[in-house]
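What follows is a single structure, written as structure tokens, with notes after it.
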Amino acid sequence: NQCCQIVQDKVREGEPIQELWTYEDIPRPEYLLEPLLIKGLPTIIFGEKGVTKSTLALVIYVCLLLPWHDNPLGFTAPNRSIKTAFLDYELPGTIAQYNAKQLQNGMGLGPFPLYHRRCRLPLADDIEQISQWLAKLNIEVVIIDSLARACGGDLIKTEPANNFFEALDKLNITSLILAQTSKDFETKRKSIYGNALFTYYARNIFELCRSDFLQEDEIDVALFHRWSNLSKLYPDMGFKFCFNGTGTHIESQPVNSIEFFAKVSSQKTIMDALKSGPLSAKELAEITGASESSMRVILSKLKKRKQVVNPEKGLWGLMAHGY
């Protein structure tokens, strides 16, 4: 009883106030996998069903574990092996193991261990057991698949979001969280499904999208950096996933703004379209889906930034390098 009372008193004390001076040599936040994972903080990747979120998470897992420096995604891998665990709320270990084997075969990798835990309770209700397993295995990063099941309850309300992030804070660990997208089909920019607190509490947010141009056994996807309060927004990243029956092969590729025109910025779409030659404001408006009047405003701003030129009346082109 005395021991329990001491523990409870310590918990109630909370964290002490620290005196932190700005004249010290303060390092920038450390990335475990740049640009995705900032040490000690939560990152969320959200997207619609079928955009290969779980497969991408598996690649990230291998990048951390090996570490995989020449990975096909172009991520900056750590200089040491970082033990990572899947907290899987959707798939049993046998399926996760099969997917890992497919990636090994498709990318020509050697065998690697998969630290996987099938979870059936919300994170807040399972935190003590999970904490013990993570400490026992010296796990430094957790991948949570997916946010909705890990929260439990009505995601539109604030309580599940608060409970989830409070439990995550208790783990005191770097985390990658896979989430679903909002169901607002009228909005060009999607967001994380559920309460706005999921967006506010995440420190780094990416959206994973699939191309509308479908191919047999192949999926073109793009990863867009939507939010970070600790870094710049990184450039869009494109990948091709090939599922040919003998393995899962992944390669990096440029993001085609025409395929993802509803997701990329209007500026990028304009710049990509002009690479093929001069176009009129009307033609650019048809490509981007913008009105002709708003396109003229955008082009005027790009001209002031010396990114485009107006070589002759009615036509626009890219500014030549060196001018």
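As a basis for the values below, the full set of heavy atoms in this structure was taken, side chains included, without hydrogen atoms, waters or symmetry mates.
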For the [atom1] atom on [X], are there more than 12 heavy atoms of other groups (residues, nucleotides or ligands in this structure) within a distance under 6.0 Å?
{"X": "K101", "atom1": "NZ", "answer": "no"}
{"X": "K83", "atom1": "NZ", "answer": "yes"}
{"X": "Q8", "atom1": "CD", "answer": "yes"}
{"X": "F112", "atom1": "CZ", "answer": "yes"}

[atom1] of [X] to [atom2] of [Y]: how many Å apart, nearest 0.5 Å?
{"X": "L168", "Y": "T174", "atom1": "CG", "atom2": "OG1", "result": "10.0 Å"}
{"X": "S228", "Y": "I205", "atom1": "OG", "atom2": "CD1", "result": "9.0 Å"}
{"X": "L87", "Y": "R118", "atom1": "CG", "atom2": "CZ", "result": "11.5 Å"}
{"X": "E292", "Y": "E283", "atom1": "CD", "atom2": "CD", "result": "10.0 Å"}
{"X": "R203", "Y": "L37", "atom1": "CZ", "atom2": "CG", "result": "15.0 Å"}
{"X": "D169", "Y": "N172", "atom1": "CG", "atom2": "CG", "result": "8.5 Å"}

Evaluation steps, side chain to side chain donor-acceptor pair (under 3.5 Å), between N162 and Y201: CA-CA 9 Å; N162 280 324; Y201 289 154; 3.0 Å; yes

Going only through I, L, V, M, F, W and Y residues with side-chain contacts under 4.5 Å, is there a path from [X] to [Y]?
{"X": "Y31", "Y": "I60", "answer": "no"}
{"X": "L66", "Y": "L137", "answer": "yes"}
{"X": "L91", "Y": "L178", "answer": "no"}
{"X": "L155", "Y": "L197", "answer": "yes"}
{"X": "M107", "Y": "L58", "answer": "yes"}

With a 4.5 Å heavy-atom cut-off, do [X] and [Y] have their side chains touching?
{"X": "V62", "Y": "N71", "answer": "no"}
{"X": "N204", "Y": "L41", "answer": "no"}
{"X": "I144", "Y": "F164", "answer": "yes"}
{"X": "L73", "Y": "L56", "answer": "yes"}
{"X": "Y89", "Y": "L123", "answer": "yes"}
{"X": "Y193", "Y": "I156", "answer": "yes"}
{"X": "L33", "Y": "P67", "answer": "no"}
{"X": "I177", "Y": "I44", "answer": "yes"}

Locate the shortest heavy-atom distance separating [X] from [Y]; write the atom from each residue and the value.
{"X": "A77", "Y": "W68", "value": "CB-O, 3.5 Å"}
{"X": "C151", "Y": "P122", "value": "O-CB, 3.5 Å"}
{"X": "A179", "Y": "K53", "value": "O-CE, 3.5 Å"}
{"X": "W21", "Y": "E19", "value": "NE1-OE2, 2.9 Å"}
{"X": "C119", "Y": "I130", "value": "SG-CD1, 4.4 Å"}
{"X": "Q97", "Y": "L114", "value": "N-CD2, 3.9 Å"}

Ring geometry between F243 and F241 (parallel below 30°, tilted from 30 to 60°, perpendicular above 60°):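 F241 vs F243 ring planes: parallel.
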
Parallel, tilted or perpendicular, as decided by the 30° and 60° cut-offs, for the rings of F198 and F165: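 Tilted.
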
Trace of the side chain to side chain donor-acceptor pair (under 3.5 Å) decision for Q5 with D9: CA-CA 6 Å; Q5 186 62 48; D9 291 341; 3.0 Å; yes

Ignoring hydrogens and angles, tell me if any N or O in the side chain of [X] forms a donor-acceptor pair with the backbone of [Y] under 3.5 Å.
{"X": "N99", "Y": "Q102", "result": "no"}
{"X": "S81", "Y": "L65", "result": "yes"}
{"X": "R117", "Y": "A85", "result": "no"}
{"X": "T84", "Y": "Y61", "result": "no"}
{"X": "S182", "Y": "S191", "result": "yes"}

Worked check of side chain to side chain contact (heavy atoms under 4.5 Å, CB included) between L176 and I45: CA-CA 7 Å; L176 173 64; I45 294 178; 3.8 Å; yes

Criterion side chain to side chain contact (heavy atoms under 4.5 Å, CB included) on L302 and M319, from CA distance to verdict: CA-CA 10 Å; L302 293 176; M319 173 72 81; over 6 Å; no

Working for side chain to side chain contact (heavy atoms under 4.5 Å, CB included), residues S231 and H225: CA-CA 11 Å; S231 74; H225 197 187; 4.0 Å; yes

Residues forming a side chain to side chain donor-acceptor pair (under 3.5 Å) with E90, sequence neighbours excluded: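 So E90 forms a side chain to side chain donor-acceptor pair (under 3.5 Å) with S146.
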
Test salt bridge (charged side-chain N to carboxylate O under 4.0 Å, His left out) applied to D125 - qualifying residues, sequence neighbours left out: none

Stepwise side chain to side chain contact (heavy atoms under 4.5 Å, CB included) check, S131 with L171: CA-CA 6 Å; S131 296; L171 290 181; 3.3 Å; yes

